[in-house]
Amino acid sequence: MIQAQKAQLEKKIQLDALHIQQQELQFFISNFQAVASQAAFLAGFSLSGMYVDLTISEGVNNMAMRILYYVTTSLALGFLLLCVTNSTICTVYGPEKALLGREGSMGDAIAVLKNERQIAFTFFGVGMMCFHVSAIFFSLIMYHTVESALVTVVLFAFIVSFIVHGRRIYGILKLDEQVTGALHVGDFDLAAGRKSSGESKQDLERKIIELKQQLAAKEAGNNKAKQGAKTNKQGFSVFK
């Protein structure tokens, strides 16, 4: 009865810890969904920029300018699609590993998503910068000097604004110490049911059993040696 209640309590604690980690998992999934939708929206504009007819331009329409335009447009499309792909894979396979994997998979999946989120944000930021630079080259090719200069100044101002405001907001909201959903008692992870070093509860129980067997074998060997010594001593006494 006591053993059953103990096992039930352990499972309840583990389940409660998993519910807390599930909220953390949903938080990262919502991050990926938000950035993927915005990246897909901008990637559509970048793709349409690949089909622009530059022969009717009124600005600086030389080979070098056209190459720069297509290169920056291609980079914008590529980085934004990388962001979409990265976010989609994490959104699909992250919950799969967390919910269908072995014990401890929830924490492993959250750790992967945490790292991949930074990579996805980097792809999105670089893609958006390339998108604006591509628009600058487009204005230089398609418009007269005055119009292209005005567009270039405005777009460059927005690029600087994005960087300044992005760093400002990030600096305000940046966490000095991030709280995770992992619950530990000593070095034992309650949600994973194992030590933080990666050993599961079953592994620890098996090691304890093996250690007990080794101690029992050693004790049996010592008893056998003592019995042999006692027998030899008795034999020597009889011979004497």
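Throughout, numbering of the chain's residues begins at 1 and tracks the sequence.
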Taking C-beta and beyond as the side chain, do [X] and [Y] meet within less than 4.5 Å on heavy atoms?
X	Y	answer
Phe138	Tyr143	yes
Phe27	Arg117	yes
Met50	Ser74	yes
Phe137	Arg66	no
Ile141	Tyr69	yes

Check the hydrophobic clustering (I, L, V, M, F, W, Y; side-chain heavy atoms under 4.5 Å; chains of links allowed) and say if [X] and [Y] are grouped together.
X	Y	answer
Leu25	Ile119	no
Leu140	Leu68	yes
Met128	Phe121	yes
Val133	Val154	yes
Phe162	Val126	no

Any residue meeting side chain to side chain contact (heavy atoms under 4.5 Å, CB included) with [X], in chain and number order, not counting sequence neighbours:
X	result
Val160	Phe156, Val164
Leu155	His132, Ala135, Ile136, Val151
Ile67	Met63, Val71
Ser87	Phe32, Val35, Ala36, Cys83, Ala120

Nearest 0.5 angstrom please: [X] [atom1] to [Y] [atom2], how far?
X	Y	atom1	atom2	result
Ile29	Leu113	CD1	CG	5.0 Å
Ile110	Lys97	CD1	NZ	12.0 Å
Glu147	Met142	CD	CE	12.0 Å
Leu77	Phe131	CG	CZ	11.0 Å

Assess whether side-chain contact (heavy atoms from CB on, under 4.5 Å) is satisfied between Met129 and Phe79, documenting all intermediate values.
-> CA-CA 10 Å; Met129 291 298 105; Phe79 278 111; over 6 Å; no
Taking the side chain from Thr88 and the backbone from Val84, do they hold a donor-acceptor pair closer than 3.5 Å?
->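 Yes; at least one donor-acceptor contact below 3.5 Å.
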Ser161 (side chain) donor-acceptor with Ala157 (main chain) under 3.5 angstrom =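 No; zero donor-acceptor contacts below 3.5 Å.
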Supply the members, apart from [X], of the Ile/Leu/Val/Met/Phe/Trp/Tyr cluster built from side-chain contacts under 4.5 Å; use none for a lone residue.
X	value
Val92	Ile89, Tyr93
Val112	none
Ile169	Ile172, Leu173

side-chain hydrogen bond (donor to acceptor under 3.5 Å, both in side chains) involving Glu116 - partner list, sequence neighbours excluded =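 Asn86.
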By side-chain hydrogen bond (donor to acceptor under 3.5 Å, both in side chains), which residues pair with Arg168, not counting sequence neighbours?
->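 If we apply the side-chain hydrogen bond (donor to acceptor under 3.5 Å, both in side chains) test to Arg168, skipping adjacent residues, the hits are His165.
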Residue pairs passing the side-chain hydrogen bond (donor to acceptor under 3.5 Å, both in side chains) test where at least one lies in residues 120-131, sequence neighbours excluded |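 Applying side-chain hydrogen bond (donor to acceptor under 3.5 Å, both in side chains) to every pair that reaches into residues 120-131, excluding sequence neighbours, yields nothing.
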Could you give all pairs that pass the side-chain hydrogen bond (donor to acceptor under 3.5 Å, both in side chains) test and reach residues 33-43, with sequence neighbours left out?
->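 Those involving residues 33-43 do not exist here.
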Which atom pair, heavy atoms only, marks the closest approach of Ser139 to Ser148?
->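 What the structure gives for the nearest pair is O-CB, 3.2 Å.
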Shortest non-hydrogen contact between Tyr70 and Val52, atoms and distance |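 Closest approach of Tyr70 to Val52: OH-O, 3.7 Å.
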Just distance, no hydrogens or angles: give the donor-acceptor pairs under 3.5 Å from side chains in residues 41-49, sequence neighbours left out.
residue: Ser46; atom: OG; partner: Leu42; partner atom: O; Å: 3.2
residue: Ser48; atom: OG; partner: Phe45; partner atom: O; Å: 2.6

